[in-house]
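To keep things clear, I will list the structure first and then write my remarks on it.
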Amino acid sequence: MAIPKRTKRLIDTTFGDYKFGFKSTVDNYFVSHKHLDESLVKEISEQKKEPSWMTDFRLKSLGIFNKKPLPTWGGDLSRINFNTLHYYIKPQDSTKTAWNKVDPNIKEAFDTLGVREAEKEFMAGLGAQFDSEVVYKSVQDALSKQGVIFDSTDNALRNHPELFKEYFGKIVPANDNKFAALNSAVWSGGTFIYVPKGVHIDLPLQAYFRINTESMGQFERTLIIADEDSSVHYIEGCTAPIYSSNSLHAAVVEIIVKKNAKVKYTTLQDWAHNIYNLVTKRSFVYENGEMIWVDCNMGSQLTMKYPAIYLLGKGAKGEVHSLAIASKNQHQDAGSKIIHGASNTSSLVSAKSISKDGGRSSYRGLLKVNKGAKNIKSKVSCDALILDKISRSDTYPLMKIDEEDVSIAHEATVSKIGEEELFYLMSRGISEQEASSMIVNGFAEPIIKHLPMEYAIELNRLLELEMTGSVG
Amino acid sequence: MTSKNTLKIKNLYAGTANKKIIKNLSLTIGSGEIHVIMGRNGCGKSTLLNVLMGHPKYETEKGQVLLNKKNISKLNPDEKAKFGLFMSFQHPVEIPGVPLTTFLRTAKNTITKKHSSPIEFLEEIKKYAKLLKMTDSQIERSINHGFSGGEKKKSEILQMSILKPKFALLDEIDSGLDIDALKAVATTIKESFKETKMGLLIITHYQRILNYITPDFVHIMDDGKIIKSGGKSLAKELEKNGYDKYISKK
Amino acid sequence: MEKLQKKLVIKENSTKNILLTDIDNTEIYLNKNTVLNLAIVTKKGSIEPKNINFTLEENSHLNFLTIILGKKNNKFLFTTTANHISKNTTSNCIIKSAIFDESIVDYKGKIKITDEGENTVSHLTHKSLMFSENAKVNTLPSLEIEADSVKAGHSASVGKMDEEMLFYLQSRGLNTNSAKNLLLRSFLEEDIEQFNDKNLLQLIKKELII
């Protein structure tokens, strides 16, 4: 979500209320029919020219999806009509490696979002997704020479079949939940990263998603494998234009962190306010490995997302830093899931949420210590800021501890902007609105500091923007 | 830069929704004058300062507060600050995540309507920080984060020195300070005072600050109003004999 | 000492001090301007889940302390809810569980503040000390807040006996068992001072003699 100043100004003046609400006209190469059934799934697999095991996997997943009921906890999912969504749209005939070969309309949409600028200025590599296919990617020469694979999931299946098959679907199996099953049946696009032993990628890799066609479902599937002693930081940011019928984003992210490896995965989610954002993100961490999720949720109508860390090897560590901002008609139901499955593991969860203008933000967390996992340390803290009487905040941190050799602490607070704090800042000449904005930014700062600087600055500005008009 | 300013409090009645605290208080402070208010606990000294600065907890029932003939009593705290009023809080709050320097520069630019460059600003902060014997790391933190009581008071005077108000209200500036800190704070207040000739209204807890700062006017407050005013000799007398002569025991 | 009641109504403008020795299904209603000091000290588990529901009217205050000594294979499955439906109320709910042998504590605590609950101050804590490999605790302290002028928080902690403290006591001549008992006792008693009523305090201490 790195948006240069001039672009942002252009968008602000053109669109007022929602920053990125615009539609591009693109000649879509292939549009799937709307009915979700076996023929659709087979068609998708055919279009992608997939091996038969993948087609079988998809069909089996469809069966699971049909059998599973909608979850009754979390947000309100009753209005999703699975038969009115498009499941697969391919805007180009193949992944382009040079930016100038990409469809001009698509290019324009991404240029407006400042995606290419980000790459020029800052990032090591960029993969951009537009309606189900990765249209552009560039990987710096140095990376490919080191044996790093940074490609679309579709291409990875084709070009690295053994590696792919070894890990795909092993961390999030299709029967994990209804939306993982849906994704497993109709997945398309997403990022595949493999980092070989001992390779450390210093600059963050990033990708960019968009949902463009009305009633499009986004089902990207990301798989990241960090081999022993390696490290990588991956950033995803998403936006979508505003539409009247509800769009669905049901992604699956699987991450394996092998011995002594380190993975950091940063998400900046700012989907339009009609999107259902239901994501299953999970990582398995092995001996002395480290996994860090940085999860910022600002957009969508309903987000249900609980980045999970399974600490499966001795000495493994996990951290989740999450920021949720729920505004008018939004429900952010986010949290974390940490399983201590091995001894000497530790975890840290720091969650902050802001509810305003009638928004609802909920923290839902699970902290589990399995029998036999000894010497466990864990700290969970969730703080919520409610800015007005019509907003709501919930906290549901569940702890299931089956061992005695643990040191576990959890705390949560809920408050509003303090009268004393406001008065103090105002007594120094700062207006009420600016003071509120400072305090809110200060509240979110412990999470924002985990973002690369350019994103941190952008998020601070977006927070300020959110605050205008919500005080008084 | 010395212009003559006047802060005139006329027949002020104020308190909370349930309780009247300030009852018909009048006081005039001019530029370059140092006033001290003394009195027993609970007489309304702190409340007076908070009412002047516009704390949302208090309501002004009657009376006027005129800063250079403009009635500022109904203004918001930030507007009062822009008119040149400053209060050093008795219990300064902590505001995590908001760096002191950023906030102070914004405040200064807002109040003076000028834009100082970050480098100029940093130099100015360092000048007063040195006088106050504050460390670099203390300046770089979030507002008052992790500060002891004494360090918070130093931070208040640092802010006052940067913002250069017309009138500074110091609420128990001496509480929580050890001997060295008190000396550093008093020195800085005097330096600031010399530079700007601001009007000072000091509420002292222990009177120790009066060993370093000589007041021009001393007022005794009781039950929400000023009952006796005098010069610096009044302070000495109170130190010797206590309040009994002026305030009947309740 | 009061016997279990299914419904408990605290009369307006009164203060009640109650000690129970069981966790049982109970509806407790705090009328306007009341103070309820409720302590539960229990060693008896149950097979079925139990629920204690508090409703707080304007200007009522709840101090609730549950101390659980879980031994053998006793199971403690219960939920408590504090409903703040009016303004200017406070609640402080503390659950302390010391879990031995194959005992299990499964607790869900909820603080609910409706949009009428202005100026609520509410806190919920669950602290557990584990004494055996087979001890288990599941805890879910939750908050549902719809008002903005509130101060609400919850915390939960699970751990085992502090080895440093144990060593310290032993170095002063206490044998292991005595040291452990001392630490256990201090863990269980540490929050009872919030109750001002001397009578109630005495009764609680008597129940805590292990």
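First the proteins, then the strands, lettered A, B, ... as listed; each starts at 1.
- Summarising the geometry, atom CG belonging to B/Leu52 is positioned 13.0 Å from atom OG belonging to A/Ser427; distances are rounded to the nearest 0.5 Å.
- For A/Lys328, the NZ atom counts as loosely surrounded, since its 6.0 Å shell holds 12 or fewer non-hydrogen atoms of other residues, nucleotides or ligands.
- Within 6.0 Å of NZ in B/Lys8 there are 12 or fewer heavy atoms belonging to other residues, nucleotides or ligands.
- Within the 4.5 Å cutoff, no side-chain heavy atoms of A/Met426 are placed close to those of B/Glu79.
- Remark: A/Lys262 NZ is loosely packed, at most 12 non-hydrogen atoms of other residues, nucleotides or ligands lying under 6.0 Å away.
- By the 6.0 Å contact criterion, CG on A/Asn329 is open, its count of non-hydrogen atoms from other residues, nucleotides or ligands being 12 or less.
- Of the two parts of B/Asn144, only the side chain, counted from C-beta on, holds a non-hydrogen atom closer than 4.5 Å to a non-hydrogen atom of chain A.
- Atom OG1 of B/Thr106 is separated from atom CZ of A/Arg428 by 13.5 Å, given to the nearest 0.5 angstrom.
- In this structure, the portion of B/Ile143 lying under 4.5 Å from any heavy atom of chain A is its side chain and not its backbone.
- Around atom NZ of B/Lys133, no more than 12 heavy atoms belonging to other residues, nucleotides or ligands sit under 6.0 Å away.
- To the nearest 0.5 angstrom, B/Asp78 atom CG is 11.0 Å from A/Phe423 atom CZ.
- Counting heavy atoms from C-beta outward, B/Val98 and A/Asn441 have side chains that stay 4.5 Å or more apart.
- A salt bridge is defined here as a Lys NZ or Arg NE, NH1 or NH2 lying under 4.0 Å from an Asp or Glu carboxylate O, and B/Lys57 with A/Glu420 fails to meet this definition.
- For a residue to count as touching a neighbouring chain, one of its non-hydrogen atoms must lie under 4.5 Å from one of that chain's; by this rule A/Phe443 touches chain B with the backbone only.
- Heavy-atom pairs under 4.5 Å with chain A were tallied for B/Met87, B/His91, B/Lys108, B/Glu94; the largest tally goes to B/Met87.
- The candidate from A/Ala435, A/Ala444, A/Gly418, A/Ser431 with the greatest count of non-hydrogen atom pairs under 4.5 Å with chain B is A/Ser431.
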